[in-house]
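Note: hydrogens, waters and symmetry copies are ignored here, and every other heavy atom, side chains too, is used.
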Amino acid sequence: LIHQSLLYETEDEFLSSTLPFVLQGLEKGEPVLAVTSHPNIQLLRGELGKDADRVEFVDASGWHQRPAIILGAYHRYATEHINHCDSVRVIGEPACLCQSKAQLRQWQCYESIMNLALKPLEAHLVCPYDTRVVHPSIIEAADLTHPHFLNADQVRENLRYEDPNAFVQRVTTQGSEEPKVPIKELPIRSNLAEVRRFIFDTAREAGLSGEAVSSLITAGNELAANAIKHTAGEGRIRLWIEPGEIVCEVIDMGPGIDDPLTGYLPPQPNQEAGWGLWMVRQLCDSVEFSRGQHGSTVRIHCSAGSLPHAKG
Amino acid sequence: LLGESHATLRLRARDENENLVVIFLEGELDIYSTGKLEAKMKEVQDRAEEVVLDLSGLDFMDGSGLRAIIEADRRARERGASLKLVEGSSPVHRVFCLTGFDKRLQFVPAPAFTRKLEDL
């Protein structure tokens with residue numbers, strides 16, 4: 001994997017790096033996927049002429065909006081194509097329209113985790129960041145999560161690159177503070193129906209409805225089931241409301257989860273176990289593992305359109 | 001979305017003929033109730049070539065329920081037998097969609113079987 005960032009401010013800066021990137025791939029007969037904004041797609045198409053037909057374009061704003069789902073999509077693309085070629089080439093512009101701190105953290109970690117997820121694959125991935133619109137904290141993180149920079153047709157090593165395990169742990173720690181709002185809590189006894197009822201009642205009381213409630217129930221149930229499976233049953237589940245989102249946390253005395261990649265890649269299709277955390281990642285805006293004085297914690301954030309958002 | 005009674009799975013099997021058994025599930029399938037389904041599936045798959053698992057009465061299913069169904073499907077394939085599923089409510093079916101098993105397992109339309117199940 002060659003994973004490189006590209007910070008740009010103008011159309012020229014975008015094109016002078018991405019165009020050679022695409023052309024090199026086409027020359028070698030590599031499959032090329034370009035996920036970027038609509039105007040950038042038009043720019044590339046214009047320059048490529050009829051070669052544009054050999055590139056798969058995806059408008060990032062109309063695509064998946066959740067980092068875990070995007071990461072899964074790139075992994076799927078690379079594994080599906082790699083049998084027919086030496087390497088795949090992807091322009092992956094993150095369309096992060098973040099509304100919460102948890103979502104920002106997840107976007108920051110997404111680029112770091114990409115290094116683990118795609119590590120064994122022959123892939124060239126360039127992540128363009130439009131510095132005019134992307135949140136400064138995401139730009140800052142991009143500088144720590146890409147082992148390489150792309151500048152025109154030059155690939156340079158990034159000396160500030162940070163080990164993904166360390167990076168994710170550091171970012172997660174920023175988000176593991178105690179909430180300053182009222183918390184609802186339930187001990188996890190040997191009854192998951194009770195846990196589901198607790199989530200249902202709390203979510204409805206907070207004004208959530210429809211799919212947001214059922215997503216939260218499915219996700220919370222999986223976390224509680226893990227606590228039951230891996231510990232002696234002294235876990236607890238906590239719920240609270242933050243601007244625009246509902247937060248759910250399961251704390252237990254089990255060993256916890258160390259690998260930040262957990263749940264990002266699907267188990268093998270014929271594998272029967274291991275789907276729980278994959279589902280949780282697919283359903284929630286952010287999933288964070290940490291360890292504190294109270295035990296091992298998994299904290300999930302689910303945005304809910306019906307809840308008031310933070311201002312600004 | 002939530003069953004009225006707590007963590008209960010009701011399960012009925014009916015022999016349509018000597019090769020076909022329909023199992024109808026009602027309630028919630030989670031780590032506590034999945035064992036009941038697993039036991040029934042093994043017993044039924046030992047005697048019938050074709051099993052239809054009707055999930056239309058299921059309110060909830062989690063990863064362990066999915067696991068039991070994938071296992072049953074594998075067992076069926078290994079024996080050259082078949083497992084067909086009747087789709088459940090939207091929160092239940094979403095578990096199959098999220099994991100890609102909506103395409104890997106064989107879902108069949110409900111009517112042909114549910115009409116008969118009403119007689120149970």
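More than 12 heavy-atom neighbours from other residues, nucleotides or ligands sit within 6.0 angstrom of CZ on A:Arg299. By the neighbour-count criterion of 12 heavy atoms within 6.0 Å, atom CZ of A:Arg204 is sparsely surrounded, having that number or fewer from other residues, nucleotides or ligands. Atom CD of A:Glu185 has more than 12 heavy atoms from other residues, nucleotides or ligands within 6.0 Å.
Residue B:Ile31 forms a side-chain contact (heavy atoms from CB on, under 4.5 Å) with just one option from A:Asn226, A:Asn221, A:Leu192, and that option is A:Leu192.
For A:Leu283, the part lying near chain B is the side chain, with the backbone staying farther off; criterion is any non-hydrogen pair under 4.5 Å.
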- Item | Chi angles and distances behind the side-chain contact (heavy atoms from CB on, under 4.5 Å) call for B:Asp30, A:Arg196 | CA-CA 11 Å; B:Asp30 65 17; A:Arg196 293 193 292 272; 2.9 Å; yes
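Closest heavy-atom contact between A:Ala193 and B:Glu28: CB-OE1, 4.0 Å. Nearest heavy-atom pair across B:Tyr32 and A:Asn191 is CE1-N, 4.0 Å.
Listed options A:Ala225, A:Ser190, A:Pro266 were ranked by heavy-atom pairs under 4.5 angstrom with chain B; first place goes to A:Ser190. Among the candidates A:Gln271, A:Glu222, A:Lys229, the residue making the largest number of heavy-atom pairs closer than 4.5 Å to chain B is A:Glu222.
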Give the table of side-chain donor-acceptor pairs shorter than 3.5 Å for residues 75-82 of chain B, with sequence neighbours excluded, one pair per line with atom names and distance.
residue: B:Arg75; atom: NE; partner: B:Gln45; partner atom: OE1; Å: 2.8
residue: B:Arg75; atom: NH2; partner: B:Gln45; partner atom: OE1; Å: 3.0
residue: B:Arg77; atom: NE; partner: B:Asp73; partner atom: OD2; Å: 2.7
residue: B:Arg77; atom: NH2; partner: B:Asp73; partner atom: OD2; Å: 3.2
residue: B:Arg77; atom: NH2; partner: B:Arg104; partner atom: O; Å: 3.1
residue: B:Glu78; atom: OE2; partner: B:Arg74; partner atom: NH1; Å: 3.1
residue: B:Arg79; atom: NH1; partner: B:Gln45; partner atom: O; Å: 3.1
residue: B:Arg79; atom: NH1; partner: B:Asp46; partner atom: OD1; Å: 3.1
residue: B:Arg79; atom: NH2; partner: B:Asp46; partner atom: OD1; Å: 3.4

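Looking at B:Arg94 and A:Ser214, their side chains do bring a donor and an acceptor atom within 3.5 Å of each other.
Between the side chain of A:Trp275 and the backbone N or O of B:Leu98 there is no donor-acceptor pair closer than 3.5 Å.
The line from CD1 of A:Ile217 to CG of B:Asp62 is 12.5 Å long, rounded to the nearest 0.5 Å.
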